[in-house]
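All values below come from the heavy atoms of this structure, side chains included, with hydrogens, waters and symmetry mates left out.
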Amino acid sequence: EKGDWDAIEEFASFELPVHSVAWATLKGYESSWKQWVAFQWKAGRDIFLETSTPAQRRRVTRDLLSFVCLLAFGMNYRSSTIKKALMAVRFFHLANDYENPLVKCHRVWQGYKAVKRAQGPTLRKHPVTPETCDWLDKEQAKLGLLGIIKRANRYFGIYFGCRAGEYI
């Protein structure tokens, strides 16, 4: 900012480390970090965790496992979203010169794996095949003009290769 050394120093100290990941990753981490901050604020605890002593590690493990349980069973998040939240906690600790709290708290990963096992495998979506389109064409032919509109919409989306969220 026009030679303002304090502004350069502030940017280098606080902003630069945060931008070490891709923009989309950072946006996902920021939303998870906000959840963590709100969780810790409601519990009346500090958002940055210290794991130097065994007593601190036990408290940190309890906090992180409670957070995992809240996300899994209170908010019905999938294990991949919970892992992203844990990685966000890790990322913002490192970006703010704190130790990674997940390194010394092995039970947190055990809890995460338990949630992942309880949820079971992710159900994958099936791709749209030409046979699926043919079947839909036959079914929607009975609808007259509405069927033609639906067919045009479907083929428009297929032509541009849209994902559902983009298409809608």
Side-chain angles (χ1 to χ4, degrees), residues 13-133 135-136 150 153-168:
S13 298
F14 299 108
E15 289 296 318
L16 192 60
V18 172
H19 294 283
S20 64
V21 295
W23 181 84
T25 303
L26 182 59
K27 290 300 158 197
Y29 281 178
E30 284 175 345
S31 65
S32 296
W33 178 249
K34 286 177 186 176
Q35 288 177 324
W36 170 252
V37 169
F39 176 78
Q40 287 296 87
W41 176 80
K42 188 70 174 165
R45 296 193 183 101
D46 191 21
I47 59 174
F48 293 108
L49 306 170
E50 292 290 336
T51 58
S52 323
T53 67
Q56 288 176 326
R57 283 194 294 274
R58 280 191 293 276
R59 188 185 66 78
V60 166
T61 297
R62 188 177 61 242
D63 289 351
L64 286 168
L65 282 172
S66 299
F67 185 57
V68 167
C69 280
L70 173 73
L71 296 178
F73 305 113
M75 300 177 76
N76 293 323
Y77 282 179
R78 297 293 299 171
S79 60
S80 57
T81 307
I82 294 168
K83 187 172 186 179
K84 179 188 77 171
L86 290 173
M87 291 295 102
V89 170
R90 173 193 168 276
F91 174 77
F92 280 101
H93 272 75
L94 295 175
N96 287 285
D97 279 336
Y98 285 88
E99 287 185 8
N100 175 1
L102 299 173
V103 168
K104 295 180 180 176
C105 300
H106 304 288
R107 292 182 58 231
V108 175
W109 289 114
Q110 289 175 325
Y112 162 74
K113 288 178 184 176
V115 167
K116 187 175 180 179
R117 175 168 287 159
Q119 290 178 346
T122 302
L123 298 174
R124 299 293 173 198
K125 297 176 183 152
H126 299 290
V128 175
T129 62
E131 292 80 17
T132 307
C133 289
W135 176 79
L136 279 170
K150 287 183 177 187
N153 278 335
R154 185 173 57 254
Y155 283 106
F156 180 78
I158 291 170
Y159 177 75
F160 286 111
C162 299
R163 292 179 287 187
E166 294 166 341
Y167 183 65
I168 288 173

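Between L49 atom CG and N100 atom CG the span is 10.0 Å, to the nearest 0.5 Å. Summarising the geometry, atom CD belonging to E99 is positioned 6.0 Å from atom OG belonging to S52; distances are rounded to the nearest 0.5 Å. Rounded to the nearest 0.5 Å, atoms CD (Q56) and CG (D63) are 11.5 Å apart. Atom CD of E30 is separated from atom NZ of K34 by 6.5 Å, given to the nearest 0.5 angstrom.
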Exercise. Going through the checks in order, is the side chain to side chain contact (heavy atoms under 4.5 Å, CB included) test met by L102 and H93?
Worked result: CA-CA 10 Å; L102 299 173; H93 272 75; over 6 Å; no
For this session: Just do the side chain to side chain contact (heavy atoms under 4.5 Å, CB included) check on I47 and W41 with the steps written out, would you?
Result: CA-CA 7 Å; I47 59 174; W41 176 80; over 6 Å; no
Exercise. Stepwise, does the side chain to side chain contact (heavy atoms under 4.5 Å, CB included) test hold for R57 with T51?
Worked result: CA-CA 5 Å; R57 283 194 294 274; T51 58; 3.7 Å; yes
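Inter-residue side-chain proximity for W36 and L64 is flagged as met; some heavy-atom pair is nearer than 4.5 Å.
Each side chain to side chain donor-acceptor pair (under 3.5 Å) pair with one or both residues in residues 108-120, not counting sequence neighbours, would appear here, but there are none.
The minimum heavy-atom distance linking V115 with A72 is given by the pair CG1-CB, 3.6 Å. Shown here for K84 and S31, the closest heavy-atom pair between the two residues is NZ-OG, 4.1 Å. Nearest heavy-atom pair across D46 and Q40 is O-NE2, 3.0 Å. Closest approach of L26 and F92 over heavy atoms only: CD1-CZ, 4.3 Å. Residues P101 and C105 come closest through the heavy atom pair O-SG, 3.2 Å. Between V108 and L65, the closest heavy-atom pair is CA-CD2, 3.8 Å.
Among L71, L70, V89, the single residue meeting the side chain to side chain contact (heavy atoms under 4.5 Å, CB included) criterion with Q35 is L71. The residue from F67, F91, F48 that alone fulfils the ring-ring contact (aromatic ring centres under 6.0 Å, His included) condition with W33 is F48.
Open room surrounds CZ on R107; 12 or fewer heavy atoms of other groups in view lie less than 6.0 Å from it. Remark: D97 CG is loosely packed, at most 12 non-hydrogen atoms of other residues, nucleotides or ligands lying under 6.0 Å away. The local environment of NZ in K42 is sparse, with at most 12 non-hydrogen atoms from other residues, nucleotides or ligands closer than 6.0 Å. Residue-environment remark: NZ (K104) exceeds the threshold of 12 foreign heavy atoms within 6.0 Å.
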